[in-house]
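Keep in mind that the numbers below use all heavy atoms, side chains included, and drop hydrogens, waters and symmetry copies. A, B, ... follow the sequence lines: proteins, then strands. Residue 1 opens every chain.
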Protein chains: 2
Amino acid sequence: MAVPRSSGHISAAPPTLADVAELAGVSRQTVSNAVNNPDLLRADTLARVQDAIDKLGYQPNRAARSLRTRASHLIGLRMPALQEGTANAMMDRFVHTFVEAAAEAGYHVLLFHGDPADPLDGYDELLRSTAVDAFVVTDTHLGGQQTTWLQSRRARFVSFGRPWTQPDAKHPWVDVDLAYGAEIATEHLIERGHSKIAWIGWHKDSLLGEERRSGWIHAMHTHGLSTTGLASRTEDSISSGKAAADAILDETQPTALVCASDTLAMGVLHSLFERRLRLGEDVAVVGFDDSQVAQTVPPGITSVRPPLEEAARELVKALEELLATPSYAAPGVMLKPALTVRGSS
Amino acid sequence: MAVPRSSGHISAAPPTLADVAELAGVSRQTVSNAVNNPDLLRADTLARVQDAIDKLGYQPNRAARSLRTRASHLIGLRMPALQEGTANAMMDRFVHTFVEAAAEAGYHVLLFHGDPADPLDGYDELLRSTAVDAFVVTDTHLGGQQTTWLQSRRARFVSFGRPWTQPDAKHPWVDVDLAYGAEIATEHLIERGHSKIAWIGWHKDSLLGEERRSGWIHAMHTHGLSTTGLASRTEDSISSGKAAADAILDETQPTALVCASDTLAMGVLHSLFERRLRLGEDVAVVGFDDSQVAQTVPPGITSVRPPLEEAARELVKALEELLATPSYAAPGVMLKPALTVRGSS
DNA sequence: GTGAAACTCTGGATCGTTCCAAGCCATGGT
DNA sequence: ACCATGGCTTGGAACGATCCAGAGTTTCAC
């Protein structure tokens with residue numbers, strides 16, 4: 001249009017490539033190259049164009065660029081269901097680092113919402129409208145519906161969580177070895193002199209639950225300790241954690257408990273509170289997730305801390321490769337958690 | 001182009017408006033109208049076009065639409081700084097409802113990250129590249145930098161948090177009346193028979209802190225109770241909450257404490273834990289924010305619960321109006337919190 | 001039966017960017 | 001002096017949608 005803009009700084013309509021080109025006295029394409037392939041330009045031309053860009057405060061229009069390149073530089077993330085009344089806010093930490101790492105790689109995160117009852121809801125629309133370049137899927141342990149569906153649509157995605165039910169899945173994934181987590185938690189308690197160490201975990205049909213439980217069993221057996229009468233399986237809620245603790249404390253009188261989640265650990269704390277037992281002195285407790293609750297409850301709950309920051313960064317790395325080479329098939333990455341020791345043990 | 005696509009369902013390239021038009025035997029514009037202004041079409045034509053749309057699984061390409069209409073249907077939200085070691089994860093609840101409400105209004109949320117040291121970082125790029133239609137600003141109590149800057153750039157935005165330092169600000173905002181929150185918290189304790197009720201709050205230069213404190217003072221004075229020696233001002237951390245509680249419990253021996261945050265309340269709990277005092281029996285405690293920690297710690301901490309869900313919905317409503325009528329100037333909305341009573345009082 | 005208004009539908013231009021193929025201009029070997 | 005070479009730059013076309021002005025069709029009053 002060649003309509004000269006006053007300053008470009010506070011003007012209502014942002015400057016375009018053509019404006020920059022005119023100011024610098026070059027063609028549109030040269031400006032585009034200056035932005036995307038600076039090494040194609042002669043040094044003096046580049047400098048001139050850069051000056052014009054800075055002067056106008058030019059930023060390429062995202063919609064136009066997306067349209068032409070068929071890439072939005074957006075990564076879709078469906079909001080995990082919010083669980084009130086539990087201790088688990090770890091998604092916060094994950095999302096935070098993910099957004100940060102994605103920004104460094106030139107991607108922004110598109111948060112969307114889907115009907116909690118339908119794990120697929122929301123993906124389709126974004127995919128069809130080419131609104132995002134890829135997805136991050138988070139709740140793979142609830143069954144592989146999302147990943148199989150996305151694969152069938154040839155959508156690009158990475159998952160935080162191994163493909164539990166599809167050993168042949170080819171998408172990149174990152175997960176945390178929580179069997180190992182349960183193992184170091186149990187061994188920590190053994191080192192502290194405990195030998196009657198109970199397990200409070202989730203129902204048998206929870207893949208995650210059985211995974212964690214196996215770590216406890218392995219540690220116990222390695223050290224020649226019996227596990228009979230020491231295991232309990234229940235819902236992931238405070239009240240059922242309390243009920244399980246009540247039962248096991250009455251029956252077997254363990255001196256320490258390993259819980260499959262901080263939520264269950266809080267249930268145990270409720271049981272201890274009622275019995276007027278002192279946490280960390282009369283009974284030791286270890287939780288999972290290293291949630292804010294574990295961090296702040298006096299005297300602090302020892303907890304298995306998943307390396308969410310590292311997981312987020314690994315996922316972004318995988319995404320970059322995936323988007324650079326469409327055929328990219330990464331091996332999954334399994335990360336090891338660490339134990340954060342606090343007053344409860 | 002008129003290249004016929006095989007099925008449109010699993011094909012790599014999504015169907016376009018032209019594909020639909022060809023299949024339905026109408027022009028592109030007619031399809032566009034079918035999507036955006038269905039009442040302009042004759043009933044039978046509309047049905048025919050709809051059929052074609054369904055058959056091909058057509059969704060308008062977002063980039064193309066954005067380019068032409070200059071609207072991205074994205075709302076920018078800068079990730080609030082993550083505070084580990086505090087009890088405050090309320091942003092989670094807010095963001096969740098916000099994303100949900102925004103989705104209903106046809107908007108998605110673009111999460112971005114900015115240098116924590118620079119409250120403006122990140123906004124500029126998105127604004128210049130016309131990546132978002134508007135922003136939601138959240139931390140207004142840290143000073144009005146973001147809002148004044150956005151206003152000067154003529155950006156559209158709403159804020160969660162009143163314009164503390166600019167009484168003449170014209171953007172829509174929603175906030176929670178936390179002076180009222182402190183008031184009902186204090187009155188709740190008075191009703192339970194307490195009269196020596198201490199306040200543990202933030203430093204004097206914290207606008208939020210003084211706001212909440214005034215509610216406590218008001219309630220105390222209304223009931224003819226003295227506040228001398230009962231107020232304490234400190235950092236928002238567990239350790240300083242504990243220190244403040246230690247000091248005030250030694251000096252004035254209050255029977256109840258109102259804390260400006262759940263984090264401070266947890267500090268108090270640490271102090272009680274050390275002194276072997278029973279929470280809710282020997283000493284009553286009320287917190288702020290109704291965080292997961294307050295919900296889960298035995299026997300539960302009574303806490304002032306901000307209506308984050310309602311706030312998020314109000315903000316989306318304001319956004320819709322703002323984007324519909326650019327000159328829209330809403331009065332701010334002030335919401336009242338409620339008290340969630342638990343075992344700690 | 002006729003003209004105008006109302007209703008439907010169409011084709012071309014456009015949003016701002018990148019892709020593509022071709023053009024320009026020095027350089028250098030013959 | 002000439003043509004090939006390669007580095008830089010250019011104008012036109014395209015991405016997929018909507019805006020706009022106009023064309024075709026129907027409806028209805030006179």
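- Where Gln29(B) and Pro60(A) meet DNA chain C, the nucleotide closest to each residue was compared, and Gln29(B) sits on the side nearer the 5' end.
- Which of dT18(C), dC9(C), dT10(C) sits closest to the side chain of Leu17(A) comes down to dT18(C).
- When the nearest nucleotides of DNA chain C are assigned to Leu67(B) and Gly25(B) by heavy-atom distance, the more 5′-ward of the two goes with Gly25(B).
- Contact of Arg68(A) with dT18(C) (side chain to base): a donor-acceptor pair of N or O atoms is detected under 3.5 Å.
- Dashed line: the shortest gap from a side-chain N or O of Ser32(B) to OP1 or OP2 of dC19(D) is not under 4.0 Å.
- Ser159(B) and His171(B) form a side-chain donor-acceptor contact under 3.5 Å, judged by distance and modelled atom types alone.
- A donor-acceptor contact under 3.5 Å is not formed by the side chain of Arg65(B) with the base of dT18(D).
- In this structure, Asp19(B) atom CG and dG16(D) atom P are separated by 9 Å, rounded to whole Å.
- Atom pair Asn33(A):CG and dC20(C):C1' shows a separation of 12 Å (rounding to whole Å applied).
- Taken from CD in Glu321(A) to OG in Ser327(A), the straight-line distance is 11.0 Å, to the nearest 0.5 Å.
- Asp133(A) is not listed as a side-chain neighbour of Arg156(A), based on a closest heavy-atom distance of 4.5 Å or more.
- Looking at heavy-atom distances under 4.0 Å, Ser66(A) makes no contact with the nucleic acid at all.
- Separating the CG atom of Leu40(B) from the C1' atom of dC20(D) is a distance of 14 Å, rounded to the nearest angstrom.
- For Ser27(B) and dT10(C), the shortest distance from a side-chain N or O to OP1 or OP2 is below 4.0 Å.
- Between Thr30(B) and dT10(C) there is a side-chain N or O to OP1 or OP2 distance below 4.0 Å.
- In this structure, CG in Leu67(A) is found 14.5 Å from CZ in Arg62(A), a value given to the nearest 0.5 Å.
- A sub-4.0 Å separation between OP1 or OP2 of dT18(C) and a side-chain N or O of Asn36(A) is present.
- At a threshold of 4.0 Å, the pair Asp124(B)-Arg153(B) counts as salt-bridged, since one of the basic side-chain nitrogens sits closer than that to a carboxylate oxygen.
- The distance between atom NE2 of His73(A) and atom P of dT18(C), rounded to the nearest whole Å, is 10 Å.
- Note: CD1 (Ile53(A)) to P (dT17(C)) measures 10 Å, nearest angstrom.
- The CD atom of Glu22(B) sits 13 Å away from the P atom of dT10(C) (whole-angstrom rounding).
- Nucleotide dC9(C) holds its C1' atom 9 Å from the CZ atom of Arg42(B), rounded to whole Å.
- Atom CG of Leu41(A) is separated from atom P of dC8(D) by 8 Å (rounded to the nearest Å).
- For the pair Lys317(A) and Glu314(A), the salt-bridge criterion is met [side-chain N within less than 4.0 Å of a carboxylate O].
- Looking at heavy-atom distances under 4.0 Å, Thr69(A) makes contact with sugar-phosphate atoms alone, never a base.
- In the interface, the side chain of Arg28(A) is not paired with the base of dT10(D) through any donor and acceptor atom under 3.5 Å apart.
- Nucleic acid contact class of Arg70(A) (heavy atoms, under 4.0 Å, all strands): sugar-phosphate only.
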